[in-house]
Structures are given as C-alpha cells and as structure tokens.
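Since the model is a prediction, treat every value here as computed from it, not as a measurement.
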Amino acid sequence: MASTIYENIKFDTVVEQDDDLDEAAGMAGLYEKICSLEKGGSTHISKQFYADGIELSGGDAQKLAIARAFYKNAPIFILDEPTAALDAKTESEIFKRVHDNIYEKTTIYVSHRMASCLFSDRIAVMDRGELIELGTHEELYACNGKYAEMFRAQAQYYE
C-alpha cells in the first residue's frame, strides 16, 4: 500500500497533523518540499496507485528515511549507505543535517563514501571483515594508510 508522506514518517496507518512530523521533516530538509505540495504531508508517495501522488527524487527519498529516524527519536542511528545514489552536494547536505540534529546520540555510518568521515568522531576502517584502522579523520589521514588512500581518491568530490 502506498502511504502519505506523514504516514511514511510516522510509520503508522493513521496520521493526524502533528508538530513532531513537521519538525522531523524540517530537520531532514524535507519540510520545504512538503509545504510546496497541494496536500502537504497528506500527499501520497505513489503515482501508480494515486493519480495525484508523487514520486520522490533520490535525495528526497533519503530525506524521508532520515525524517523517519528523527521522528522515532531513537538513541542510536544506523545509516547504511545513506547517500549512495546521491550527488556530492546533496550528500554533504544530508550529512550536515544529520550531524546538526542528532545531539548526544550514537550514529553509525556504514559507507564507502568518505564524506561521512568528516562528521565522525571515530572512524573504523574495515577490510575483508577485519578492522584495519581506527581513529579520527586527522589521525587516520596522517597515518597515510588505507583510509588516507580512499579519502584522497574521493576528495575531488568534496567542497
């Protein structure tokens, strides 16, 4: 069943207007999109089942998933390849929004994209299931190991 934006954020079948939904959407960078829609958060996410539904872009779909995490307000966030299909600018925006809004929560990024490391307190570099490096960005970059090699390979995409 296709759901509305608010139903998707709340992950519930019955959704009423809720300030927490708008706050979560705002923290994820999705609130302006919601406000631009005729039915706002009550807009269905599917053109297949609803003629007036919408299809979200890759970036907006990622923001919706992050809004769901903000709304749940869990003490731990696990983001597995949260920006894999996004351009570098949108990726940076999403990482900044998560970083700016998670206060005192543990966030684990699983990613091959190195931009997330710039927001991380500790970085664990895995190779074939083994931990090969552990430290801050500065520490690992200075060691000139696998982390530094991967970071330099992707650095041209960071602003």
Asker: Can you tell me how far OH of Y71 sits from NZ of K10, rounded to the nearest 0.5 angstrom?
Answerer: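 With rounding to 0.5 Å, NZ (K10) is 4.0 Å from OH (Y71).
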Asker: Tell me if a side-chain donor or acceptor on E55 pairs with a main-chain N or O of K47 at a distance below 3.5 Å.
Answerer: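 Flag set: sc E55 to bb K47 pair under 3.5 Å.
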Asker: Would you indicate whether the side-chain heavy atoms of T43 and Y50 approach each other to under 4.5 Å?
Answerer: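 No, too far: nothing below the 4.5 Å cut-off.
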Asker: With a 4.5 Å limit on heavy-atom distance, are the side chains of L118 and F151 in contact?
Answerer: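 They are in side-chain contact.
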Asker: Quick one: do K146 and D127 make a salt bridge, cutoff under 4.0 Å?
Answerer: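 Salt bridge absent between K146 and D127.
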Asker: Looking at CZ of F95 and OG1 of T107, how far apart are the two atoms once the value is rounded to the nearest 0.5 Å?
Answerer: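 One gets 11.0 Å once the value is rounded to the nearest 0.5 Å.
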Asker: Quick one: do L64 and I9 satisfy side-chain contact (heavy atoms from CB on, under 4.5 Å)? Show the steps, please.
Answerer: CA-CA 7 Å; L64 180 66; I9 293 171; 3.5 Å; yes
Asker: Is the backbone N or O of H112 less than 3.5 Å from a side-chain atom of Q154, with the two atoms forming a donor-acceptor pair by type?
Answerer: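 Yes, because the side chain of Q154 sits within donor-acceptor range (under 3.5 Å) of the backbone of H112.
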Asker: Quick check: are there more than 12 heavy atoms from other residues, nucleotides or ligands sitting under 6.0 Å from CD1 of I78?
Answerer: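 Open: at most 12 neighbouring heavy atoms sit under 6.0 Å from CD1 of I78.
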Asker: Please confirm whether the backbone N or O of D20 pairs with a side-chain atom of E23, one donor and one acceptor, at under 3.5 Å?
Answerer: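 Checked: no pair found.
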Asker: Are any of the side-chain nitrogens in R113 or E81 under 4.0 Å away from the carboxylate oxygens of its partner?
Answerer: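 No.
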Asker: May I ask you to decide if N8's main-chain N or O and R68's side chain share a donor-acceptor pair within less than 3.5 Å?
Answerer: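 Checking the backbone N and O of N8 against the side chain of R68, a donor-acceptor pair under 3.5 Å is found.
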Asker: Kindly give the heavy-atom pair with the smallest separation between A24 and A67, and that separation in Å.
Answerer: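 Minimum heavy-atom separation between A24 and A67: CB-O, 3.4 Å.
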Asker: In this structure, would L134 and Y141 fall into the same cluster of hydrophobic residues linked by side-chain contacts under 4.5 Å?
Answerer: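 Unlinked, L134 and Y141 end up in two clusters.
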Asker: Roughly how far, to the nearest 0.5 Å, is OG of S120 from NE2 of H99?
Answerer: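 Between atom NE2 of H99 and atom OG of S120 there are 9.0 Å.
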Asker: With a 3.5 Å cut-off and no angle check, do the side chains of Y109 and D80 form a donor-acceptor pair?
Answerer: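 Judged by distance alone, the side chains do not pair up.
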Asker: Hey, is the main chain of G26 close enough, under 3.5 Å, to the side chain of R97 for a donor-acceptor pair?
Answerer: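 Such a contact is found between R97 side chain and G26 backbone.
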Asker: Looking only at atom types and distance, does a side-chain atom of D60 sit under 3.5 Å from a main-chain N or O of L56, one as donor and one as acceptor?
Answerer: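 Here the side-chain-to-backbone pair does not exist.
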Asker: My understanding is that only one of H137, E133, R152 makes a side-chain hydrogen bond (donor to acceptor under 3.5 Å, both in side chains) with Y147; could you say which?
Answerer: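 Testing each of H137, E133, R152 against Y147, the sole residue satisfying side-chain hydrogen bond (donor to acceptor under 3.5 Å, both in side chains) is H137.
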Asker: Report whether I102 and Y31 are members of the same hydrophobic cluster (ILVMFWY, side-chain heavy atoms less than 4.5 Å apart, transitive linking).
Answerer: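 No, because I102 and Y31 fall into different hydrophobic clusters, even though each may have its own neighbours under 4.5 Å.
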Asker: Are there more than 12 heavy atoms of other residues, nucleotides or ligands under 6.0 Å from atom NZ of K105?
Answerer: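 More than 12 heavy atoms, drawn from other residues, nucleotides or ligands, come within 6.0 Å of this atom.
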Asker: Under 4.5 Å between any side-chain heavy atoms of I66 and V98, yes or no?
Answerer: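 I66 reaches V98 side chain to side chain.
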Asker: State whether the side chain of T136 and the backbone N or O of E139 hold a donor-acceptor pair below 3.5 Å, judged by distance alone.
Answerer: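 Confirmed, T136 side chain pairs with E139 backbone.
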Asker: Could you state the interatomic distance from NZ (K63) to OG (S57), rounded to the nearest 0.5 Å?
Answerer: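 Atom-to-atom, K63:NZ and S57:OG are 7.0 Å apart.
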Asker: Hey, could you give me the CD1/OG distance between I123 and S111, rounded to the nearest 0.5 Å?
Answerer: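 One finds 11.5 Å between CD1 of I123 and OG of S111.
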Asker: Please name the pair of heavy atoms, one in A124 and one in L131, separated by the smallest distance, quoted to 0.1 Å.
Answerer: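 Where A124 meets L131 most closely, the heavy atoms are CB-CD1, 3.7 Å.
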Asker: How long is the gap from NE2 on H44 to OG on S42, to the nearest 0.5 Å?
Answerer: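 Going from NE2 on H44 over to OG on S42, the span is 8.5 Å.
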Asker: Apply the test ring pair (Phe, Tyr, Trp, His ring centres under 6.0 Å) to residues F70 and F77: give CA-CA distance (whole Å), side-chain angles for both, the deciding distance (0.1 Å), then the verdict.
Answerer: CA-CA 9 Å; F70 285 144; F77 282 43; 5.7 Å; yes
Asker: Honestly curious: do L30 and L37 fall in one hydrophobic cluster under the side-chain, below-4.5 Å linking rule?
Answerer: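 Result: yes, single cluster for both.
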Asker: Work out which heavy atom in I34 is nearest to a heavy atom in G41; give both atom names and the distance.
Answerer: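 Looking at all heavy atoms of both residues, the closest pair is CG2-N, 3.3 Å.
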Asker: Within a strict 4.5 Å, meaning less than it, do heavy atoms of the K39 and D52 side chains meet?
Answerer: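 They are in side-chain contact.
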